[in-house]
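Here is the structure we will look at.
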Amino acid sequence: MEQKQEYKNIWVFIETEEGKAKPVGFELLTPGRLLADKIGEKLVAVIPGYGVREAARQAAAYGADEVLFIEGEEYRNYRTDVYADCMTELVERHRPLVILMGATNNGRDLGPRLACRLKTGLTADCTALDIDSMTKNVEWTRPAFGGNLMATILCPEHRPQMGTVRPGVFKKPVPDEDGSAAEQKLIGESAGIKPERIRTEIVERINEGVQSVNLEEAEIIVSGGRGIGKAENFSYIRELADVLGGAVGSSRACVDADWIPHAHQVGQTGKTVAPKLYIACGISGAIQHLAGMSGAETIVAINQDPDAPIFGVADYGIVGDLLEVLPELSRGIQQVKEL
Ligand code: FAD
């Protein structure tokens, strides 16, 4: 490894699909900015992809000091070899101090591969970040022991320091709408990807027809827990979500019981969400569930047990039987909408 002091700046990897940036990349510019300012270094967005110039401009508008973008047909679809080779080359060229990545499917694939190539550490699924301005060691905080305690992890011996953060944990920075300075921040890069090193070829993309569940970006989520009783009763949850124009979430108990697919699960082993409104229906409020939804602006809990822990985090609580409360609520909201 080069001398530790040679490593500078905070990098945020911005993942794109068909040229469009995934929101988590922009979200990571928020903690990235804090880390960069604390040590007086630059916040740099890194975007390999195909047709990513607009995404690069957006990253600049969201506050990156510099945006390194790498354009090429070979980056059109994510492939481990291509992205790992590209990022390794860029890291060796620029030596960033820190690399933040979204814990998306591709981020979870690329992060460990890159960390291994660079012989450094990676802390997955962080929920809070800080940096020691003297040592420049990042303090990566993440849930441990089944979510029962928060562990703060350091990577003091190796550089760059790497970590992943799930979508929805941080909010995007406020963009600079003017954007006139954005273009000057863009720096075109290239990487010498050798075709013989690419072991995979995408022959066809098949959409399996799984209804996409975009919980991370939903402003309203109505979530069902074991208290809903059976799979068919999720219709009550869906009805309320529909009248509110929201998405359907779930606790793990319902996923384990096969009442609803895992894509709907909120929590430590599901999605982290930050909607404006989260309605928890028949969910007790286990710590692993709270880990995924306590960032919601307003939490409403419906539970027949007045002592359920979910009421401890809820802004509003309704004590009652779901099967009576939910139809009333849906009907009432529908009536108000029709006024
Ligand atoms: P329960 O805890 O059984 O609660 C059901 C609630 O419904 C009760 O409060 C009850 O009073 C209420 N109720 C019952 N009937 C009615 C009715 N008719 N009307 C109104 N209320 C009613 N869980 C997650 O959700 N997400 C995760 O990502 C997750 N990850 C985990 C990771 C690990 C490593 C571990 C160990 C556990 C994880 N869990 C996760 C599981 C978690 O610990 C809980 O077991 C789970 O959240 C419980 O789901 P629940 O609240 O739906 O069910």
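Computed from a predicted structure; not experimentally measured.
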Item to check | Distance-only side-chain donor-acceptor flag, Gln58 / Glu54, under 3.5 Å | outcome: no
Checklist entry - Are Lys20 and Glu17 close enough for a salt bridge, meaning some N to O gap below 4.0 Å? => result no
Next on the checklist: Parallel, tilted or perpendicular: which one describes the rings of Tyr75 and Tyr83, with boundaries at 30° and 60°?
Outcome noted: perpendicular
Next on the checklist: So which atom in Pro48 and which in Phe13 form the shortest heavy-atom distance, rounded to 0.1 Å?
Outcome noted: CD-CE1, 3.6 Å
Item to check | Check against side chain to side chain contact (heavy atoms under 4.5 Å, CB included), Glu139 and Leu154 | outcome: CA-CA 6 Å; Glu139 292 156 9; Leu154 306 181; 3.6 Å; yes
Checklist entry - Quick one: do Glu219 and Lys276 make a salt bridge, cutoff under 4.0 Å? => result yes
Checklist entry - Do the non-hydrogen side-chain atoms of Thr200 and Thr80 ever get within less than 4.5 Å of each other? => result no
Checklist entry - side chain to side chain contact (heavy atoms under 4.5 Å, CB included) between Arg53 and Glu183: does it pass, once the steps are laid out? => result CA-CA 9 Å; Arg53 213 177 164 97; Glu183 197 67 33; 2.5 Å; yes
Checklist entry - Does some side-chain heavy atom of Pro96 sit less than 4.5 Å from a side-chain heavy atom of Asn9? => result no
Item to check | CA sep, side-chain torsions, deciding dist, call: Asp65, Arg33, side chain to side chain contact (heavy atoms under 4.5 Å, CB included) | outcome: CA-CA 9 Å; Asp65 299 313; Arg33 178 86 266 156; 3.0 Å; yes
Checklist entry - Looking only at heavy atoms, which two atoms of Ile198 and Val82 are closest? And how far apart? => result CD1-CG2, 3.7 Å
Next on the checklist: When you compare the side chain of Glu71 with that of Val52, does any pair of heavy atoms fall below 4.5 Å?
Outcome noted: yes
Item to check | Residue pair Val98, Trp140: steps toward the side chain to side chain contact (heavy atoms under 4.5 Å, CB included) verdict | outcome: CA-CA 11 Å; Val98 176; Trp140 309 92; 3.9 Å; yes
Item to check | Side chains of Lys4 and Glu6 in contact at under 4.5 Å (non-hydrogen atoms) | outcome: no
Checklist entry - What pair of heavy atoms forms the shortest contact from Leu326 to Cys281, and how long is it? => result CD2-SG, 3.9 Å
Item to check | His264 and Pro261, any side-chain heavy atoms less than 4.5 Å apart | outcome: yes
Next on the checklist: Could you tell me if the side chain of Lys38 sits less than 4.5 Å from the side chain of Asp130, heavy atoms only?
Outcome noted: yes
Next on the checklist: Can you confirm whether Lys337 is buried at NZ, in the sense that more than 12 heavy atoms of other residues, nucleotides or ligands lie under 6.0 Å from that atom?
Outcome noted: yes
Checklist entry - Is Leu114 reachable from Leu122 through a run of I, L, V, M, F, W or Y residues, each pair having side-chain heavy atoms under 4.5 Å apart? => result yes
Next on the checklist: Keeping Thr30 on the side-chain end and Lys171 on the backbone end, is there a donor-acceptor pair under 3.5 Å?
Outcome noted: yes
Checklist entry - Asp81 versus Arg113: any side-chain heavy-atom pair under 4.5 Å? => result yes
Checklist entry - Are side-chain heavy atoms of Cys86 and Ile193 found at a separation under 4.5 Å? => result yes
Item to check | Pair Glu15 + Lys22: basic N to acidic O under 4.0 Å | outcome: yes
Checklist entry - What closest approach, in Å, do Gly107 and Pro112 show between heavy atoms, and which atom pair accounts for it? => result O-CD, 4.1 Å
Item to check | Tyr278 and His289 aromatic ring geometry - parallel, tilted or perpendicular at 30°/60° bounds | outcome: tilted
Checklist entry - Val313 and Ile287: same hydrophobic cluster, using ILVMFWY side-chain contacts below 4.5 Å? => result no
Item to check | Minimum heavy-atom distance Cys155-Asn137, with the two atoms named | outcome: O-OD1, 4.0 Å
Item to check | NZ/NE/NH1/NH2 to OD/OE distance under 4.0 Å, Lys8 and Glu66 | outcome: no
